[in-house]
Amino acid sequence: MMGYTELADYSSASLLNSMLHDDLSEDLVDMLKGRTVAVVGAGPSLTSVSHFSEERVIAADGASRYLMEKGITPDVVVTDLDGISEVFPTFYVVHAHGDNFHLLWRVGLMKKVVGTCQVAPFGRLKVFGGFTDGDRAVALALAAGAMKVRLYGMDFDSELTGKYSKPTLQDDIPSSPTKRAKLKIAKWVVEELMQDGLRHKV
Ligand SMILES: Nc1ncnc2c1ncn2[C@@H]1O[C@H](COP(=O)(O)OP(=O)(O)OP(=O)(O)O)[C@@H](O)[C@H]1O
Ligand SMILES: Nc1nc2c(c(=O)[nH]1)N=C(CO)CN2
Ligand SMILES: [Mg+2]
């Protein structure tokens, strides 16, 4: 489907696992369990977001840069490392896959990290579900026992990739076929996860 290889996914997962000193997943659950949670994506609508009424904020990768620019430090950043340009003093949930092996060095700059992978988990690695940073953030919130999840900046049907998706983008850009395929998967995952009435969608 997406042309990924399990061997490459496993190699990145092994490197990430070797960089994790503790399993902080219980701290993550303690932070999110029973809370209302905003999950923030890097879609074009992100730049109209200015505040949250939720108790916790999870940023999907590059969306964290927008929030920091607005003076909002997300409680958690769910990332495969291709959307961030610097490391902030917050909790990172880093995803290892076959195409970000060369970015994993950034984990060494992070204070609080939980590692996820897309192969059978081993060592300190976890799998909470989901595919892209945004829907993995939703899956994490629900797996941790969040009471309600509200989405911001999640424009799965948009033909545009939001400018905060990558540090190099100066503006929203037309999505590539691969990006559109990823967003279609993300939309499906979120719709499956948000079946329950407990979850709100902005
Ligand atoms: N139109 C959109 N453009 C960009 N991100 C979007 C959009 N709509 C929703 N999102 C969510 O915001 C997240 C932003 O993270 P990021 O741009 O790093 O994507 P990603 O999951 O790493 O995919 P890629 O491999 O293309 O970087 C996406 O994972 C996606 O779930
Ligand atoms: N191998 C591989 N796996 C992924 C990729 C990717 O680009 N390559 N992108 C993802 C979206 O965050 C999730 N998983
Ligand atoms: Mg990313």
Side-chain angles (χ1 to χ4, degrees), residues 1-16 37-49 57-68 74 76-87 92-104 106-107 115-119 121 125 127-142 149-194 201-202:
M1 173 157 184
M2 305 293 287
Y4 304 147
T5 70
E6 191 172 358
L7 181 61
D9 286 345
Y10 184 81
S11 302
S12 288
S14 296
L15 174 56
L16 176 57
V37 178
V39 177
V40 191
S45 68
L46 171 61
T47 50
S48 62
V49 174
V57 177
I58 303 179
D61 215 356
S64 62
R65 286 186 291 114
Y66 171 78
L67 294 178
M68 294 302 285
V76 184
V77 178
V78 174
T79 178
D80 65 341
L81 301 171
D82 60 9
I84 61 173
S85 51
E86 59 187 294
V87 169
Y92 284 88
V93 180
V94 176
H95 187 68
H97 59 60
D99 293 297
N100 70 349
F101 186 93
H102 64 293
L103 298 175
L104 288 170
R106 285 200 168 111
V107 173
T116 62
C117 60
Q118 53 195 40
V119 291
L125 296 174
V127 173
F128 299 112
F131 176 63
T132 75
D133 295 324
D135 56 297
R136 286 202 313 281
V138 175
L140 165 67
L142 299 178
V149 172
R150 188 180 292 274
L151 307 183
Y152 298 79
M154 294 289 189
D155 308 318
F156 298 122
D157 295 326
S158 171
E159 290 297 304
L160 296 177
T161 295
K163 66 181 181 181
Y164 282 92
S165 176
K166 299 293 172 281
T168 52
L169 297 182
Q170 300 300 315
D171 209 339
D172 302 339
I173 59 166
S175 295
S176 66
T178 300
K179 187 67 173 184
R180 285 205 303 276
K182 289 183 177 183
L183 293 177
K184 190 174 177 185
I185 295 169
K187 179 181 179 183
W188 178 80
V189 169
V190 167
E191 286 175 348
E192 289 293 301
L193 290 171
M194 306 280 270
K201 189 168 165 21
V202 169

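Both ligands and their constituent atoms are indexed starting at 1 by order of listing.
- Considering just the N/O/S atoms of D61, the one nearest the Mg ion (ligand 3) carries the name OD2.
- Scanning the protein heavy atoms around atom 10 (N) of ligand 1, the nearest turns out to be L183 CD2, 3.9 Å.
- A heavy-atom distance below 4.5 Å is found between the side chains of D99 and Y4.
- Side-chain atoms of T47 and K163, non-hydrogen and from C-beta on, do get closer than 4.5 Å to each other.
- Using a 4.5 Å heavy-atom cutoff, the side chains of V138 and L151 are in contact.
- Close contacts between ligand 1 and P44 involve ligand atoms 1 (N) [criterion: under 4.0 Å to a heavy atom].
- Below 4.0 Å from some heavy atom of G41 lie the following atoms of ligand 1, by number and element: 12 (O).
- When distances from the Mg ion (ligand 3) to the N, O or S atoms of D80 are compared, OD1 comes out shortest.
- The heavy-atom pair separating A63 from G41 by the smallest distance is CB-O, 3.5 Å.
- Closest to atom 2 (C) of ligand 1, if we only count protein heavy atoms, is G43 CA, 3.4 Å.
- The two residues L46 and V40 have their closest heavy-atom pair at CD1-CG1, 3.4 Å.
- Put simply, part of G162 is less than 4.0 Å from ligand 1, judged by heavy atoms.
- Closest to atom 18 (O) of ligand 1, if we only count protein heavy atoms, is D61 OD2, 2.8 Å.
- For the pair K166 and ligand 1, the shortest N or O to N or O distance falls below 3.5 Å.
- For atom 25 (O) of ligand 1, the closest non-hydrogen atom on the protein side is K182 NZ, 2.4 Å.
- Shown here for A13 and L125, the closest heavy-atom pair between the two residues is O-CD1, 3.4 Å.
- Within ligand 1, the atoms closer than 4.0 Å to a non-hydrogen atom of D82 are 18 (O), 22 (O), 24 (P), 25 (O), 27 (O), numbered from 1 in the order shown.
- In terms of polar-atom proximity, D80 is counted as a contact of ligand 1, with an N or O under 3.5 Å from an N or O of the ligand.
- The residue from V119, L104, L103 that alone fulfils the side-chain contact (heavy atoms from CB on, under 4.5 Å) condition with S12 is L104.
- Taking every heavy atom of both residues into account, S165 and K179 meet most closely at OG-NZ, 3.7 Å.
- A donor-acceptor pair is defined here as one N or O able to donate and one able to accept, closer than 3.5 Å; no such pair exists between the side chain of D9 and the backbone of Q118.
- When the heavy-atom distances from atom 28 (C) of ligand 1 to S165, G134, A137, G83 are ranked, the shortest goes to G134.
- Here the closest heavy-atom approach between residue A96 and residue L16 is recorded as CB-CD2, 3.7 Å.
- Numbered from 1 in the order shown, with element, the atoms of ligand 1 that lie under 4.0 Å from a heavy atom of F156 read 8 (N), 9 (C), 31 (O).
- The single protein non-hydrogen atom nearest to atom 13 (C) of ligand 1 is A60 CB, 3.9 Å, given as residue, atom name and distance.
- Of the candidates R180, M154, R136, the one placing a heavy atom closest to atom 11 (C) of ligand 1 is M154.
- Nearest residue to atom 31 (O) of ligand 1 from T132, D155, V189 is T132 (criterion: closest heavy atom).
- Residues I58 and V78 are in side-chain contact: their nearest non-hydrogen atoms beyond the backbone lie under 4.5 Å apart.
- Looking at R106 and V94, their side chains never come closer than 4.5 Å, going by heavy atoms from C-beta outward.
- In terms of protein heavy atoms, atom 15 (O) of ligand 1 is closest to D133 OD2, 3.5 Å.
- Nearest heavy-atom pair, S11 versus F101, reported as atom, atom and distance to 0.1 Å: O-CE1, 3.8 Å.
- Between D133 and D80, some side-chain heavy-atom pair lies under the 4.5 Å cut-off.
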* side-chain contact (heavy atoms from CB on, under 4.5 Å) between D82 and K166, worked out -> CA-CA 7 Å; D82 60 9; K166 299 293 172 281; 3.8 Å; yes
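- Atom 14 (C) of ligand 1 has its closest protein heavy atom at A42 CB, 3.6 Å.
- Counting heavy atoms closer than 4.0 Å to ligand 1, residue L160 contributes backbone atoms (N, CA, C, O) but none from C-beta onward.
- Counting heavy atoms from C-beta outward, V107 and Y92 have side chains that stay 4.5 Å or more apart.
- With atom 19 (O) of ligand 1 as the reference point, the heavy atom nearest to it among K179, K187, H95, H97 is part of K179.
- Looking at heavy atoms from C-beta onward, P74 lies in side-chain contact with M68 at the 4.5 angstrom threshold.
- The angle that D82 OD1 and D133 OD2 make at the Mg ion (ligand 3), rounded to 10°, works out to 160°.
- Ligand 2 is surrounded by Y4, D9, D80, H97, G98, D99, Q118, F131, T132, D133, R136, K182, each with at least one heavy atom closer than 4.0 Å.
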